[in-house]
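Below, all heavy atoms of this structure are taken into account, side chains as well, without hydrogens, waters or symmetry copies. As the structure is a prediction and not an experimental result, all values here were calculated from the model.
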2 protein chains.
Amino acid sequence: MGTTQLETVPEPKYWHLKTVLSEALDSEFAVGEILPNERDLAARFGVARATLRQALEQLELEGRLQRRRGVGTTVAPPRMGVAVGSAQGTWPGAVGDAWQPADCGPAVPPADVARMLETLPEEQVHRVRRTRVSHGQPVAAELLYVPTSSVPELTGIDAPSGAARARAVLRELAGLGLEGQDRAVELGSARADDAKALDRLPGAPVLVVTTRFFAEGRTAAVSVATYRADTCRLTFGDSGGVEIHHGPERHAS
Amino acid sequence: MGTTQLETVPEPKYWHLKTVLSEALDSEFAVGEILPNERDLAARFGVARATLRQALEQLELEGRLQRRRGVGTTVAPPRMGVAVGSAQGTWPGAVGDAWQPADCGPAVPPADVARMLETLPEEQVHRVRRTRVSHGQPVAAELLYVPTSSVPELTGIDAPSGAARARAVLRELAGLGLEGQDRAVELGSARADDAKALDRLPGAPVLVVTTRFFAEGRTAAVSVATYRADTCRLTFGDSGGVEIHHGPERHAS
DNA sequence: CAGTGGTCTAGACCACGGT
DNA sequence: CCGTGGTCTAGACCACTGA
């Protein structure tokens, strides 16, 4: 008998399904359109719902879909480019930096941040909370850790709380001469509080951008910013700030 | 002290499980140590294997675990920092840039790359494949697209194949005056070929770094590099190249 | 070969958003 | 209230690794 056409196709069902759906999204759906619900889709493709969900998860990870509990699954717009490294460094809070200070209070930084700041393990620092909105959507939440030694003028004053205090810390910081900065990007998952700020479920994939600010020969502040990985493409303009339009194509399938 | 008591605690099991495991990893396990298998772990925690796996997946995404089919689950070392933006830009292939040219041949670039290169939709360009190894492990696979117009000297010559040809293209490129570059980072999932090069399964999370190289007033080349998201922390040294040691702590839970 | 993680199924119930 | 996606279960089989 003829051997069957398919010589060894141990391609997982969910993988094949993802490809099929991806092509359908390109050709048959418009941005914002809602897909059939998961139960219907699974039945239509003859697979269990869990398998269908595995494919949808991948597509959501790649920024092609957006799923919201109680609502449905919609076709996501192309990722928005968010500038994160404006040429030479500037202090956070510089004019027009797209961040909105939300809060500020004392806190003990995580151990890795404390190491960068060279503070003692249990030492408190100022922690400024900020959020970033782009195209009407929250895209990032930031925790900025500022040792009290970096903003000495603030130590004794009566402390306005909330956003006012946050602005005061940023203003103090801007007085220092910024000597350089250092950035790292890695994959993480949203903590419960970040998730809420980003309008996502806890555990959602995020791009964590850690920035060290150097002044007076030491690390004057550390920023840990978590960006929604599904909707954001981080841009680092090492040259003139050329704006690029990306199409719906994907870099990795 | 406050009222922050449980107003409702429908915390998912897998989320709680992840927290418990995460703490256990910090205190009771050494890097490289193998965990009990999934069936045992699930039984020990009194959950279904699928639920246990959901927790493990998160931990793997955060770079705390490494799972290999047929082998087992091991405790991963802290993510390694890989430099991806060495101060001022240099052409790919500059001395000591940690990349190893593997192959080169003609190819039609994806539509978004073609747009950046301003080539015609079906126009062929040189495609150089390179891989990057760090600490004895493959960490990234790159596709570098170079329009024929950027390396005119190469058009007529007899073409050595493979790595030799790749090196020839890079050498030609280095002759141009680099005017700047532009970088973007986003989350993706590994294509089948990238997955093989990175020793991962297809669909594994990757950080996709797209770099545009400008010369002679236009985009002379585009690089699309996919880094293993589980093992890598991308560093962008905007200031002097200070080396940072990160501990096992995580930025996002 | 035995043991591991990877895939898949067919159900069930829950939390949430809108009506 | 209903319909949605999110969580969870208890199985089954497959693909791969290493002894």
Side-chain angles (χ1 to χ4, degrees), chain A residues 6-19 21 33-61 64-76 189-190 192 195-196 199-205 230, chain B residues 6-19 21 33-61 64-76 189-190 192 195-196 199-205 230:
Chain A
L6 353 145
E7 43 142 316
T8 74
V9 232
E11 185 181 56
K13 273 190 191 178
Y14 79 91
W15 186 260
H16 180 247
L17 203 49
K18 192 194 100 171
T19 307
L21 285 169
E33 197 168 345
I34 57 184
L35 269 62
N37 72 53
E38 298 182 348
R39 290 162 179 86
D40 284 354
L41 274 180
R44 185 174 312 186
F45 287 104
V47 300
R49 190 177 155 220
T51 306
L52 185 269
R53 276 179 62 80
Q54 213 171 338
L56 293 185
E57 258 152 46
Q58 284 255 347
L59 290 170
E60 191 179 28
L61 199 78
R64 316 243 336 171
L65 291 179
Q66 181 152 1
R67 300 193 287 175
R68 271 176 305 169
R69 167 154 51 179
V71 180
T73 302
T74 59
V75 180
S189 48
K196 194 168 345 181
D199 191 30
R200 300 259 58 197
L201 290 173
D230 54 345
Chain B
L6 26 116
E7 47 186 76
T8 55
V9 253
E11 187 182 55
K13 273 190 190 177
Y14 79 91
W15 186 260
H16 180 246
L17 202 50
K18 191 195 101 170
T19 308
L21 285 170
E33 197 168 345
I34 58 184
L35 270 62
N37 72 52
E38 297 183 350
R39 290 162 179 86
D40 285 353
L41 275 179
R44 184 176 313 187
F45 286 104
V47 300
R49 180 153 81 113
T51 305
L52 184 270
R53 277 179 61 80
Q54 214 172 337
L56 294 185
E57 257 152 48
Q58 284 255 347
L59 290 170
E60 190 179 29
L61 199 76
R64 318 252 347 227
L65 291 180
Q66 180 152 0
R67 301 193 286 174
R68 273 177 304 168
R69 168 154 52 177
V71 179
T73 302
T74 60
V75 180
S189 48
K196 194 170 343 181
D199 193 28
R200 299 260 58 197
L201 289 174
D230 55 344

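Checked against side chain to side chain contact (heavy atoms under 4.5 Å, CB included), A/Leu61 has the following partners two or more places apart in sequence or in another chain: A/Pro205, B/Leu187.
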Task: Protein proximity profile, nucleotides 6-15 of chain D - base contact B, sugar-phosphate-only contact S, no contact -, cut-off 4.0 Å on heavy atoms - done: BBSB--BB-B
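In this structure, CD1 of B/Ile34 is placed 17 Å from P of D/dT17, rounded to the nearest angstrom. As rounded to whole Å, 12 Å separates atom C1' of C/dG5 from atom CG of B/Leu41. Atom pair B/Asn37:CG and C/dA2:P shows a separation of 16 Å (rounding to whole Å applied).
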TODO: Begin with the C-alpha distance, continue with both residues' side-chain angles, and end with the deciding distance and a verdict on salt bridge (Lys or Arg N to Asp or Glu O under 4.0 Å) for A/Asp199 and A/Arg68.
DONE: CA-CA 10 Å; A/Asp199 191 30; A/Arg68 271 176 305 169; 5.7 Å; no
Side-chain atoms of residues 33-42 of chain B: list all donor-acceptor pairs with protein atoms under 3.5 Å, sequence neighbours left out, distances to 0.1 Å.
unit_1: B/Glu33; atom_1: OE1; unit_2: B/Ala30; atom_2: N; d: 2.8
unit_1: B/Asn37; atom_1: OD1; unit_2: B/Arg39; atom_2: N; d: 2.9
unit_1: B/Asn37; atom_1: OD1; unit_2: B/Asp40; atom_2: N; d: 2.9
unit_1: B/Glu38; atom_1: OE1; unit_2: B/Arg49; atom_2: NH1; d: 2.6
unit_1: B/Glu38; atom_1: OE1; unit_2: B/Arg53; atom_2: NH1; d: 3.2
unit_1: B/Glu38; atom_1: OE2; unit_2: B/Arg53; atom_2: NH1; d: 3.0
unit_1: B/Glu38; atom_1: OE2; unit_2: B/Arg67; atom_2: NH1; d: 3.1

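Between A/Leu21 and A/Phe45, some side-chain heavy-atom pair lies under the 4.5 Å cut-off. Put simply, the side chain of A/Ser189 reaches to within 4.5 Å of the side chain of B/Lys18, judged on heavy atoms.
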